[in-house]
Every structure is written in C-alpha cells, then in structure tokens.
Amino acid sequence: MPQDGPQPVERELPTDEARDLLGLVRDLVQREIKPVAAEQEAAGVFPRETFRLLSEAGLLGLPYPEEYGGGGQPYQVYLQVLEELAAARLTVGLGTSVHSLACHGLAHFGSKQQRTEWLPDMLGGGLLGAYCLSEPSSGSDAAALRTRAVRDQGASGTQPGDGDWVLNGTKAWITHGGVADFYTVLARTGQEGPCGITAFLVPADAEGVSAATPEHKMGLNGSPTAQLHFDGVRVPDARRLGDEGQGFTVALSSLDSGRLGIAACAVGVAQAALDEALAYMAQREQFGRPLTDFQGLRFMLADMATQIEAGRALYLAAARRRDAGQQFSRQAAMAKLFCTDTAMRVTTDAVQLLGGYGYTTDFPAERYMREAKVLQIVEGTNQIQRMVVARHLAGPETRS
C-alpha cells in the first residue's frame, strides 16, 4: 500500500554526483529555508544570508564552467535544483534563477579576460546579480527600450575598446533592484530597434545608480522588485558585454535559458501545493472518512499530479536540448507557458482542497497561489510565449 501523504520527487539525474548534489540541496532546504519561509515572506524579509550560503555551497553558479568558479553541471541538473529551492521558498528559487540570468551575458558573450576577472566572484564569491531589460514604457516590447548609453567624447579616445560610456534612463520591475551587487543592463547605443542595443555589466555601487522604493506586490514579499535609475553612470568600455549593437542577441539568449528557470520554479511551487494538499487531506476527516477517500477529490489530486509530471518532463526535455547544443527557444517558451499555467491551476485547486483553511494564512496554500500568478508574467508574459511558439510554427506575423 502506498504511504499516505506526499513523497519525495523521483528525480531523473545523469550521475551519482548529481544525486549527491540534490541530497545536499534537500538537506539545506529542510534546515535553512523551509522552516522560516512563511514567517519571512509575511514580514517581507529578503534572505540575503541564504543567498550567501547558497554561494558558499556552490549553488549560485551550477550551470557555469568550473574554471570560472561554477559547478559545471548540465542544465537538466541545475533546473531540478531550482525546483527544489522554489518548492521551499519561491523568493529563493526565483532569486537563484535571476542571478544565473544576470551572469549569462558575461559567461556567454564576455571576453576571456572579462570572464577571468569578474565571473568567479559572481558565481561563488557571495555576490548577487540582477538583470535590467524592462522599462516603464517597454515591457513586452523590449526592443523599444529608451535607456541610453553614449560614449564620452571627452574620454581619451573614442575607438572601440577605449573610453567610457555614460548611461541615463530607468529600468522597471527589476528583481533584486536595490539589493544586488551588479546589474546586467541593456541600453540603446545606436539606432531604434533591436540592432541599436548593447549590454553592459554595471557595479551596483557605481555613482549615479539608485533604486526606487520596492513595489508593493500581492506575493513574493521577500523578493524586492524595484525601478532602477541610471543618472550619468560612467561605465568603462571594458564592461561592455559582446559587440556594440549585439545587446538584443545577448538579451534573447539569456531569456531562453531564463524561461527554463521560471518553468522549473513553477513546477516547484506546484509540487509544494500538491504536497500541502496531500498532507492536509491525509489527516482531515469528513463524514467519518479521510478526505483522500472521496473520489471527486482523488480525481483532483490525480489531475494535479499529472500536470506537474507533464510540466517537469517538458522543461527537462528542453534542458536536454540545451545541454546537447541544440536549438531550444521554442521548447523553452512552451515549457515556461505550460509550467506556469500549471502552477496557477494546481495552486488554485490546492486552496480549494483545503476549504476554508486554504484561504487563511495559517496554511501556505494561499501563498503558493499568490506566488504562482507572477510566474505567468515574468520573463515574458504567457501571451508572449504563445507568440514565440506560433512564430516557430507559422513564421513571423504579416505586417501591413
């Protein structure tokens, strides 16, 4: 007979090292993250010490090369670590994903010298990053961004590789805005449209960088989301990532990988909600029988579990394509779309299964439902994901 209540997720892991890594993560989650998650989220506490601990444990740089201080793990392993972190506390799982996103531009488009100089501290030196693409007037239409970087004509030389850039503008909806140590910033350096955008690595303590008061959100209260202002911020050309005008390529490449991170986080939240519902129903009786005896409720559990397994399989299939060096943009969009929609459905059903208790803050089900909503929005709304998938299937839209 199967044991009542939730069981650990059966993981598909390629090596014994990966299995040991997941064991380490589960132990850390049970000791350091899960016991304080509800209290700290309710109080809006940002878990900076937790991120330092993750950095010391090598968990903030898992998908990056060991030669730069990373973990050298395939994406299919890294994403399952993210899922475990997000199941314990989405602020931590999402924050780890955002940090990885902020490191992507340097790791994949930076020069050898840039990677050697900066990447080790970003991956394992206790630093925390943020990714700055969206703006108040350009969210989904990221190519319309207005933050501008202009070469300082008074600098000693204006040829590529010489002089400073001066950044001016405002970024919006920045996770870790105001608490990060570095920002990967996309700014306009040339013509309108995607070809005029360049990526920069900006230290948080650069003069002219400031953060607005964090947004008041319906969930993820421990994760600050804020506007960032760049007021005459001087950035050496040595901190330009990739070629001038290559920034939109950097952004799209980062987002493809980042969307898989969001998909994994969504599955983690959904799994946590299912586990909470199972635990509650196993000990709750009505009409002299445990709730798990009622067929209508059992069918709800079966649907929730099936959707979670399908989402996990979808993001892992996309991750394996990435690990094999194959194109995975369409699969990443599909995974982000399906997994986040699944998280919204599953968390809503979990609240229903707990009845009146599900609507109270005494149980985490209502928090999971509030947190699931944002996952349908960040790193490209699910409407944008449908556009991406459709373009892969039917080609670009016809414009008059």
Side-chain angles (χ1 to χ4, degrees), residues 98 101-115 117-119 121-122 127 129-213 225-255 258 379:
V98 166
L101 182 69
C103 296
H104 186 278
L106 174 60
H108 291 271
F109 293 88
S111 66
K112 174 75 172 179
Q113 180 177 345
Q114 288 174 320
R115 293 196 299 269
E117 183 173 356
W118 297 313
L119 203 50
D121 284 342
M122 292 162 60
L127 301 184
Y131 182 77
C132 303
L133 176 60
S134 296
E135 298 186 358
S137 60
S138 59
S140 296
D141 187 10
L145 63 85
R146 297 179 181 176
T147 295
R148 183 164 290 277
V150 178
R151 279 191 182 275
D152 182 2
Q153 298 299 320
S156 57
T158 56
Q159 299 302 311
D162 295 329
D164 294 345
W165 295 86
V166 180
L167 272 65
N168 286 282
T170 297
K171 294 295 182 178
W173 311 113
I174 306 304
T175 301
H176 300 160
V179 299
D181 299 297
F182 64 91
Y183 299 103
T184 296
V185 182
L186 284 301
R188 187 163 303 287
T189 56
Q191 63 190 18
E192 295 298 313
C195 295
I197 296 170
T198 302
F200 298 90
L201 185 65
V202 181
D205 61 359
E207 187 175 354
V209 177
S210 63
T213 301
T225 304
Q227 288 192 356
L228 275 180
H229 305 299
F230 298 88
D231 185 10
V233 178
R234 300 184 70 86
V235 181
D237 190 67
R239 284 185 169 269
R240 171 173 46 84
L241 303 178
D243 297 331
E244 187 175 340
Q246 194 182 13
F248 202 65
T249 299
V250 174
L252 293 182
S253 174
S254 300
L255 287 174
E379 294 194 31

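Heads up: numbering here begins at 1 and tracks the sequence.
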So, using side chain to side chain contact (heavy atoms under 4.5 Å, CB included) as the criterion, who are the partners of Ala204 when residues are at least two apart? Tyr183
Is there a side-chain contact between Phe230 and Val209, using heavy atoms and a 4.5 Å cut-off? yes
From Leu167 atom CG to Leu228 atom CG, the distance as rounded to the nearest 0.5 Å: 11.5 Å
Any chance you could measure Asp237, atom CG, to Glu244, atom CD, to the nearest 0.5 Å? 8.0 Å
Which pair of heavy atoms, one from Gly247 and one from Leu186, lies closest together, and at what distance? O-CD1, 3.3 Å
Side-chain donor/acceptor pairs under 3.5 Å, residues 189-202, sequence neighbours excluded:
residue	atom	partner	partner atom	Å
Thr189	OG1	Thr198	OG1	2.6
Thr198	OG1	Gly245	N	2.9

Contact summary for Gln227 and Pro136, nearest pair of heavy atoms: NE2-CG, 3.8 Å
Does Leu255 reach the side chain of Leu133, with side-chain heavy atoms less than 4.5 Å apart? yes
Going by the rule side chain to side chain contact (heavy atoms under 4.5 Å, CB included), which residues pair with Asp231 if we only count those two or more places apart in sequence or in a different chain? Asn168
Pairing residues for Gln246 by the side chain to side chain contact (heavy atoms under 4.5 Å, CB included) criterion, not counting sequence neighbours: Phe109, Asp243, Thr249
Minimum heavy-atom separation for Ala206 to Val233, with atom names? CB-CG1, 3.9 Å
Calculate, to the nearest 0.5 Å, the distance between atoms CZ and CG belonging to Arg240 and Asp164 respectively. 12.5 Å
Taking side-chain hydrogen bond (donor to acceptor under 3.5 Å, both in side chains) as the test, write out the residues that go with Arg239, two or more places apart. none
Donor-acceptor contact present, side-chain Arg188 to main-chain Ala143, <3.5 Å: yes
Ala180 and Gly129: which non-hydrogen atoms are nearest, and at how many Å? CB-C, 3.9 Å
Which residues pass the side-chain hydrogen bond (donor to acceptor under 3.5 Å, both in side chains) test with Ser254, not counting sequence neighbours? His104
Quick one: salt bridge (Lys or Arg N to Asp or Glu O under 4.0 Å) pairs with a partner in residues 165-185, sequence neighbours left out? Arg48-Asp181, Glu135-Lys171
Contacts satisfying salt bridge (Lys or Arg N to Asp or Glu O under 4.0 Å) that involve residues 245-254 (not counting sequence neighbours) are none
Rounded to the nearest 0.5 Å, how far apart are SG of Cys103 and CG of Leu127? 9.0 Å
Restricting to side-chain hydrogen bond (donor to acceptor under 3.5 Å, both in side chains), what partner residues turn up for Ser134, sequence neighbours left out? none
So which atom in Ile174 and which in Tyr131 form the shortest heavy-atom distance, rounded to 0.1 Å? CD1-O, 3.6 Å
How long is the span from the CE atom in Met122 to the CD atom in Glu117, to the nearest 0.5 Å? 11.5 Å
Which pair of non-hydrogen atoms, one from Ala211 and one from Gly178, has the smallest distance, and what is that distance? CB-CA, 3.6 Å
Which residues satisfy the side chain to side chain contact (heavy atoms under 4.5 Å, CB included) test with Ala107, sequence neighbours excluded? Tyr64, Leu119
